[in-house]
Enquirer: 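I'd like to ask you about the structure that follows.
These figures come from a predicted structure and were not determined experimentally.
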Amino acid sequence: MSQPAMMPKPLTAAAPANTVRISPTEQVSLPNVFDIVCIEVPVVLNNGIDERPVATYTLQLQNMRPAMLTPPFVFDSCAVPSALGTVSNLTITPRQLPFQRVQMDVDIPLIIYFTDALGNRGAADAVVTVHEDFITPTPNQSIFPAVFEVMVGAECLGGSFLDMTTLQVQLCVAVLVKLVSEQLIRVVTAGNCPINAIEHTEDQSCEEFFAQDLYPSINNG
């Protein structure tokens, strides 16, 4: 029985509220031009990447398009339409503190491209599922818990059709597992990013509307 992988311990660093840390040992005071704002961000408490060697996967194709295709089909290539994978069958087992064992299935979406017997290009959707099993530090108890999210990537090195809707492919797969906590944090800002105007017309009817601030704010003064 294989042993679960080990994710690294998270690295943390803290600086006083009126300073910015620019290196592990150097801090600078904030110039007056900067402001401090509160933003909602996903804080990554821990992460680890699983780069899997090439393996053979059998895929069931769905949503084949266009409708009129003539078999047999020849595999061309594949692509990952989104880097966001889907986590299912998540199991978290406490281990000796401060660790926990995490097991999950990760679904990776694929678009399969192929050619039919008449030379027409076709496409279909598929999902490849991989199992992850690793040890990671246990986060502290909190009112709002952290969740596991995954980013995925894959490359097809070759493939062949077993029948009209079943494909066998050789895949290289990468899965980035993240332990994420949605948090409100204070950050130093020098204001909004500059946005260049695109001139469509010389009509001035909307100038008053366009003169407003792009984003809302609350004046506490």
Enquirer: Residues sharing M151's hydrophobic cluster, by side-chain heavy-atom contacts under 4.5 Å among ILVMFWY, directly or via others?
Expert: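 I49, L176, all in the cluster of M151.
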
Enquirer: Which residues pass the salt bridge (charged side-chain N to carboxylate O under 4.0 Å, His left out) test with R52, not counting sequence neighbours?
Expert: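 Per chain and number, R52 pairs via salt bridge (charged side-chain N to carboxylate O under 4.0 Å, His left out) with D50, E132.
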
Enquirer: Only counting residues at least two apart or in another chain, list the ones meeting ring-ring contact (aromatic ring centres under 6.0 Å, His included) with F114.
Expert: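 Checked F114 against ring-ring contact (aromatic ring centres under 6.0 Å, His included); matches are F73, F161.
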
Enquirer: Please identify each residue that fulfils side chain to side chain donor-acceptor pair (under 3.5 Å) with S160, with sequence neighbours left out.
Expert: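 With neighbours one apart ignored, the set is empty.
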
Enquirer: Looking at residues at least two apart in the chain, or sitting in another chain, which of them share a salt bridge (charged side-chain N to carboxylate O under 4.0 Å, His left out) with D116?
Expert: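 Here no residue qualifies.
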
Enquirer: Enumerate the salt bridge (Lys or Arg N to Asp or Glu O under 4.0 Å) contacts for residues 143-168, please, sequence neighbours excluded, ordered by first and then second residue.
Expert: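 Qualifying pairs: none.
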
Enquirer: Sequence neighbours left out, what passes side chain to side chain donor-acceptor pair (under 3.5 Å) with N89? Give chain and number order.
Expert: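 Expected list: D105.
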
Enquirer: Which pairs, with at least one residue in residues 118-194 and sequence neighbours excluded, count as a disulfide (SG to SG under 2.5 Å)?
Expert: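 Non-adjacent pairs meeting disulfide (SG to SG under 2.5 Å): C78-C156.
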
Enquirer: Using the ring-ring contact (aromatic ring centres under 6.0 Å, His included) criterion, which residues pair with F75? Sequence neighbours excluded.
Expert: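 F75 satisfies ring-ring contact (aromatic ring centres under 6.0 Å, His included) with no other residue.
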
Enquirer: When you measure from the side chain of S181 to the backbone N and O of Q183, does any donor-acceptor pair fall under 3.5 Å?
Expert: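 No, the answer is negative, given that no donor and acceptor are paired below the 3.5 Å cut-off.
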
Enquirer: Report all side-chain donor-acceptor pairs from residues 139-146 shorter than 3.5 Å, counting only partners two or more places apart or in another chain.
Expert:
{"from": "S142", "atom 1": "OG", "to": "F144", "atom 2": "O", "distance (Å)": "2.9"}

Enquirer: Has the side chain of T138 got a donor or acceptor atom that lies under 3.5 Å from a matching backbone atom of F99?
Expert: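 Side chain of T138 to backbone of F99, a donor-acceptor pair under 3.5 Å: yes, one is there.
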
Enquirer: Hey, could you give me each pair passing ring pair (Phe, Tyr, Trp, His ring centres under 6.0 Å) that has a residue in residues 51-70? Not counting sequence neighbours.
Expert: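 Output for this query is empty, none listed.
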
Enquirer: Name every donor-acceptor pair, under 3.5 Å, that has one atom in a side chain of residues 62-71 and the other anywhere in the protein, sequence neighbours excluded.
Expert:
{"from": "N63", "atom 1": "ND2", "to": "D125", "atom 2": "OD2", "distance (Å)": "3.1"}
{"from": "R65", "atom 1": "NH1", "to": "N63", "atom 2": "O", "distance (Å)": "2.7"}
{"from": "R65", "atom 1": "NH1", "to": "D125", "atom 2": "OD1", "distance (Å)": "3.4"}
{"from": "R65", "atom 1": "NH2", "to": "D125", "atom 2": "OD1", "distance (Å)": "3.2"}

